[in-house]
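Residue indices begin at 1 and follow the sequence shown. Just follow the structure's listing: the first ligand is 1, and inside any ligand the first atom is 1.
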Amino acid sequence: MTHQHRPWGYSNSQDGNLPDWQLHEETLAVRAGLARSGFGETGEAMYLTSGYTYDSAEQAVHSFTDEVDHFVYSRFANPTVSMFEERLAAIEGAQYCVATGSGMSAMFASIACLVESGDRIVAAASMFSSCYVVLSEILPKWGIKVEFVKGNDKKVWEKALSEKTKVVFIETPSNPMLEIVDLKMVSDLAHNVGATVIVDNVMASPILQKPLQHGADVVMYSATKHIDGQGRVLGGAILGSFDYIQGYLNPFIRHTGPTLSAFNAWVLVKSLETLAMRVNRMNESAQAVAEFLAESPKIKSVNYPGLKSHKGFEIAQRQMSGGGTTLSFEVEGGATELFKVMDALKVIDISNNLGDSKSLITHPASTTHRRLDLDTRESMGITDSLARLSVGLEHPTDLIKDLQQALR
Ligand SMILES: *Cc1c(COP(=O)(O)O)cnc(C)c1O
């Protein structure tokens with residue numbers, strides 16, 4: 001299994017005591033990264049400390065030069081944050097993980113640590129709107145060229161990746177259209193022109209998709225979504241190889257400081273224990289809800305990678321172990337009709353979060369994707385009659401009944 005030696009600060013993880021056979025994801029989710037103090041606590045400890053003390057002035061010197069394993073400052077590393085990082089790395093099958101304060105700080109840092117003025121980025125156009133703002137407004141201001149491509153068109157990728165490229169950024173499935181990008185195909189093309197492939201794996205979670213196994217180099221998360229999955233804290237994470245994290249990410253992140261708090265890390269490390277159970281259950285329910293909606297005469301279209309009618313169905317079958325927990329659909333009759341349906345729901349909440357234990361519905365055109373201009377929005381397929389539904393842990397029959405009565 002992976003063992004994460006902290007580049008700054010140290011790993012006092014008890015991974016060394018774990019058996020040497022390949023442990024299952026569920027076992028790693030409970031056991032990996034566990035670092036018990038001398039008190040032998042069963043629950044992971046929350047280390048709310050910004051600094052650390054040294055036995056001698058000399059130990060402080062050696063701690064800073066990395067000759068001894070010792071935490072030095074919580075902007076660099078913290079025991080509770082390290083537990084979360086090591087556990088997530090073990091589940092993902094990545095060499096290293098660095099946690100951040102939000103998904104957006106993870107997305108930004110994962111790219112910013114690699115690029116400089118004059119570099120070129122190619123990105124699949126269909127993505128979370130804040131990620132789009134970073135790529136279309138913030139990075140170009142610093143002289144970085146960004147080209148957006150249609151993520152599910154191989155010819156377009158071949159053309160875009162025929163010249164030197166620094167970073168390829170992909171969100172698959174995409175939010176809210178659930179478009180699927182072929183990770184293997186794009187990674188192969190990207191590597192031919194020397195690009196690092198970064199995948200926003202928020203929608204699938206590490207339980208349903210492991211991009212590193214399909215050729216990607218870096219994976220990033222908003223831990224706010226499935227990883228917490230209970231609507232409590234914000235968090236993010238970046239996972240990749242020793243060379244990427246040690247060579248690029250840590251020198252950047254150490255000094256720019258998008259640190260995850262120990263309290264949030266403690267919430268998240270406990271959330272990882274139930275991640276597989278929650279995501280698998282939500283995935284099964286989402287499949288049932290998508291099948292129900294696809295049959296309903298009041299529904300114009302359903303986007304869900306687990307439906308055979310979905311354009312990316314075959315690729316999703318190859319690279320994911322389920323269609324996901326989120327779907328989007330269009331109602332007949334436009335935004336007015338859709339708002340009536342949303343307002344009539346009795347179980348499902350109106351909210352723009354996703355991956356939560358509670359089922360949540362949102363109208364992307366007027367909320368999460370409001371900031372995009374109309375042309376961009378429409379080119380992404382985000383019409384006025386589109387709703388995004390994140391399926392939670394309620395019984396699927398209750399969710400279907402709720403939709404049924406609201407559609408009536
Ligand atoms: C929510 C989300 C993000 C941003 O994460 P925050 O934790 O809200 O900063 C990035 N990408 C995707 C796909 C998301 O859904």
Strictly below 4.0 Å, N to O, side chains only: are Lys311 and Glu179 in salt-bridge contact? no

Proximity of Tyr52 and His70 rings by center, below 6.0 Å: no

Taken in chain and number order and not counting sequence neighbours, the residues that satisfy salt bridge (charged side-chain N to carboxylate O under 4.0 Å, His left out) with Asp200 are none

Not counting sequence neighbours, which residues clear side-chain hydrogen bond (donor to acceptor under 3.5 Å, both in side chains) with Glu171? List them please. none

Would you say the side chain of Met203 lies within less than 4.5 Å of the side chain of Ser390, judging by non-hydrogen atoms? no

If the condition is salt bridge (charged side-chain N to carboxylate O under 4.0 Å, His left out), which residues does Arg232 pass it with, not counting sequence neighbours? Asp228

Near ligand 1, which protein residues have a heavy atom under 4.0 Å away? Ser102, Gly103, Met104, Phe128, Cys131, Glu171, Asn175, Asp200, Val202, Ser222, Thr224, Lys225, Gly235

